[in-house]
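Have a look at the structure below before the remarks.
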Amino acid sequence: MSTLFFQRVKHIIKRIPKGRVATYGQIAELAGNHRAARQVAWILHSSSEKERLPWHRVVNSQGEISLKPKQGYEVQKALLKKESIEFDQDGRLDLNQYLWKPSVAKWYTEL
DNA sequence: AACCTGACTTCGG
DNA sequence: TCCGAAGCCAGGT
């Protein structure tokens, strides 16, 4: 599918800086639909490879990796560690430290 | 059309 | 802090 919402989501994800992360809900909100967190996940699942998206920089609202072990969890964690992001013993990262805080105004004007 | 299934989130207890 | 339930929305059957 290729709605404006989908385009915005991809556009936004591509802009997450190295060493920072964004949450599903945050991306949904930036794209104009605060209730579409699950759709953001769906977009990642379906087209992160095709669109060359930095999918590993997207985590859930608790600062955890949502992927299941052997389903990509280890890969994502490794990619984030490579960007100097650290995890605690429970596999969580500190959102206060790593959460991306973009200046919101521009997204609507760029697309 | 109905029903199920998610790489989700928020709220209450 | 840790579940469970409910809300959400698109795709697959």
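Here the structure is a predicted model, which means the values were calculated and not measured. Every chain is numbered from 1 and lettered A, B, ... according to where its sequence line falls, protein lines coming before strand lines.
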For [X] versus [Y], what's the shortest heavy-atom pair and its separation?
| X | Y | answer |
| --- | --- | --- |
| Tyr98(A) | Ser84(A) | OH-O, 3.8 Å |
| Ala31(A) | Val9(A) | CB-CG2, 3.7 Å |
| Gly91(A) | Phe87(A) | O-CD2, 3.5 Å |

side-chain contact (heavy atoms from CB on, under 4.5 Å) partners of [X], counting only residues at least two apart:
| X | answer |
| --- | --- |
| Ser48(A) | Leu53(A), Trp55(A) |
| Gln39(A) | Phe5(A), Ala36(A) |
| Lys82(A) | Leu79(A) |

Whole angstrom is fine here: how far is it from [atom1] in [X] over to [atom2] in [N]?
| X | N | atom1 | atom2 | answer |
| --- | --- | --- | --- | --- |
| Ile27(A) | dC9(C) | CD1 | C1' | 17 Å |
| His45(A) | dC8(B) | NE2 | P | 11 Å |
| Gln26(A) | dA7(B) | CD | C1' | 16 Å |
| Phe5(A) | dG11(C) | CZ | C1' | 15 Å |
| Tyr24(A) | dA10(C) | OH | C1' | 16 Å |

Restricting both atoms to N or O, compile the protein contacts to nucleotides 4-8 of chain C shorter than 3.5 Å, with distance only.
from, atom 1, to, atom 2, distance (Å)
dG7(C), O6, Arg38(A), NH1, 3.3

How is Ser46(A) classified with respect to the nucleic acid when contacts are heavy atoms under 4.0 Å: base, sugar-phosphate, or nothing?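 No contact.
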For Asp90(A), all residues meeting salt bridge (charged side-chain N to carboxylate O under 4.0 Å, His left out), sequence neighbours excluded: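 Here the qualifying residues are Arg92(A).
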Qualifying residues under salt bridge (charged side-chain N to carboxylate O under 4.0 Å, His left out), relative to Arg38(A), sequence neighbours excluded: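 Not a single residue meets the salt bridge (charged side-chain N to carboxylate O under 4.0 Å, His left out) criterion with Arg38(A).
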Using the test side-chain hydrogen bond (donor to acceptor under 3.5 Å, both in side chains), find all partners of Glu83(A) that sit at least two apart in sequence or belong to another chain.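 Expected list: His56(A), Arg57(A).
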Do any side-chain atoms of residues 58-68 of chain A form donor-acceptor pairs under 3.5 angstrom with protein atoms, and if so which ones, sequence neighbours left out?
from, atom 1, to, atom 2, distance (Å)
Asn60(A), OD1, Gln62(A), N, 2.9
Asn60(A), OD1, Gly63(A), N, 3.3
Asn60(A), OD1, Glu64(A), N, 3.0
Asn60(A), ND2, Ser66(A), OG, 3.2

What pairs of nitrogen or oxygen atoms, one from the protein and one from nucleotides 11-13 of chain B, lie under 3.5 Å apart?
none

Mind listing the residues from residues 57-92 of chain A sitting with a heavy atom below 4.0 Å of DNA chain B? Number order is fine.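 The stretch gives Asn60(A), Ser61(A), Ser66(A), Leu67(A) as the residues lying under 4.0 Å from the strand, ordered by number.
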Less than 4.5 Å apart, any side-chain heavy atom of Val21(A) and any of Leu95(A)?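 Yes - at least one pair of side-chain heavy atoms lies under 4.5 Å apart.
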